[in-house]
Amino acid sequence: MKSLQTIQKTFRVFQILTKIAFVFSIVGASVCAVGALCAMAWYTGGQVFSLFGEPVTIFASGDGLKQMLAVLLSDLILLVTEAILLAFAGRYFKIEQAEGTPFTENGANLIRKLGIRCIYMPIVAIVIASVITVCLGVERSGDISNLPSVATGIVLILASLIFRYGAELEARNRALISDEEE
């Protein structure tokens, strides 16, 4: 039982960290969205900021502006994707804390679905970000890699198999105990 309590405390810490990361993702996505809106307004000839009635130039013109817009929109898409994945992870941790053990069929199914989402959602986000970058006619600065999310997805799928096996062992144990009581 002490091991299960340690697992529960660790999952509680992960739940808190997931909430913090979710908030940071939302804040980052919001900043990217505001920056992208300001860059689009500036690109179309609008005035974004003024100081004492004089326009303040905060954006470069030409290709630099397009490059910045592409980066902001790409990062926005990637941060929104991460926020969605963190929301799913938070939901799993909340359910796991309520059930008191990760070794349930429901928990194993949720973690397997999260693992699958960790594989395909970032791929879709990278494709959308790449399309936006190509449409703006600029090269993406920086490296976008999906390897960490694929690895995380695989680990979560493997963990779901372990949790499912644990659920089966608990069910067998309960069945043996109820047979002995009869």
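The structure presented is a predicted model; accordingly, all values stated were derived computationally and were not measured. Heads up: numbering here begins at 1 and tracks the sequence.
Side-chain polar atoms of Ser25 and Glu82 form no donor-acceptor pair below 3.5 angstrom.
Using the six-membered ring where Trp is involved, Phe163 and Tyr92 have ring planes that are parallel, under 30° apart on the 30 and 60° scheme.
Put simply, Leu69 and Val138 are part of the same group of oily side chains (I, L, V, M, F, W, Y) that touch within less than 4.5 Å, one to the next. Residues Phe22 and Ile111 do not share a hydrophobic cluster, clusters being chains of Ile/Leu/Val/Met/Phe/Trp/Tyr side chains in contact below 4.5 Å. Side-chain heavy atoms closer than 4.5 Å link hydrophobic residues (I, L, V, M, F, W, Y) into clusters, and following such links, possibly through other members, connects Leu114 to Leu110.
With contacts defined as side-chain heavy-atom distances shorter than 4.5 Å, the pair Val80/Ile26 does not qualify. Put simply, the side chain of Ser149 does not reach to within 4.5 Å of the side chain of Met121, judged on heavy atoms. Using a 4.5 Å cut-off on side-chain heavy atoms (C-beta onward), Ile119 and Ile157 make contact. Residues Arg91 and Ile95 meet the side-chain proximity criterion, which asks for heavy atoms closer than 4.5 Å. Looking only at side-chain heavy atoms (C-beta outward), Leu85 and Pro122 come within less than 4.5 Å of each other.
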Could you pull out every donor-acceptor pair under 3.5 Å between side chains of residues 164-176 and any protein atom, sequence neighbours left out?
residue	atom	partner	partner atom	Å
Arg164	NH1	Glu105	OE1	2.6
Arg164	NH1	Asn109	OD1	3.3
Arg164	NH2	Asn109	OD1	2.7

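The number of heavy atoms from other shown groups lying within 6.0 Å of CZ (Phe14) does not exceed 12.
Going from atom OG1 of Thr10 over to atom CZ of Phe93 covers 10.0 Å, rounded to the nearest 0.5 Å.
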Practice problem: Could you go through the side-chain contact (heavy atoms from CB on, under 4.5 Å) check for Leu156 and Ile116 one step at a time? | Solution: CA-CA 8 Å; Leu156 288 173; Ile116 292 169; over 6 Å; no
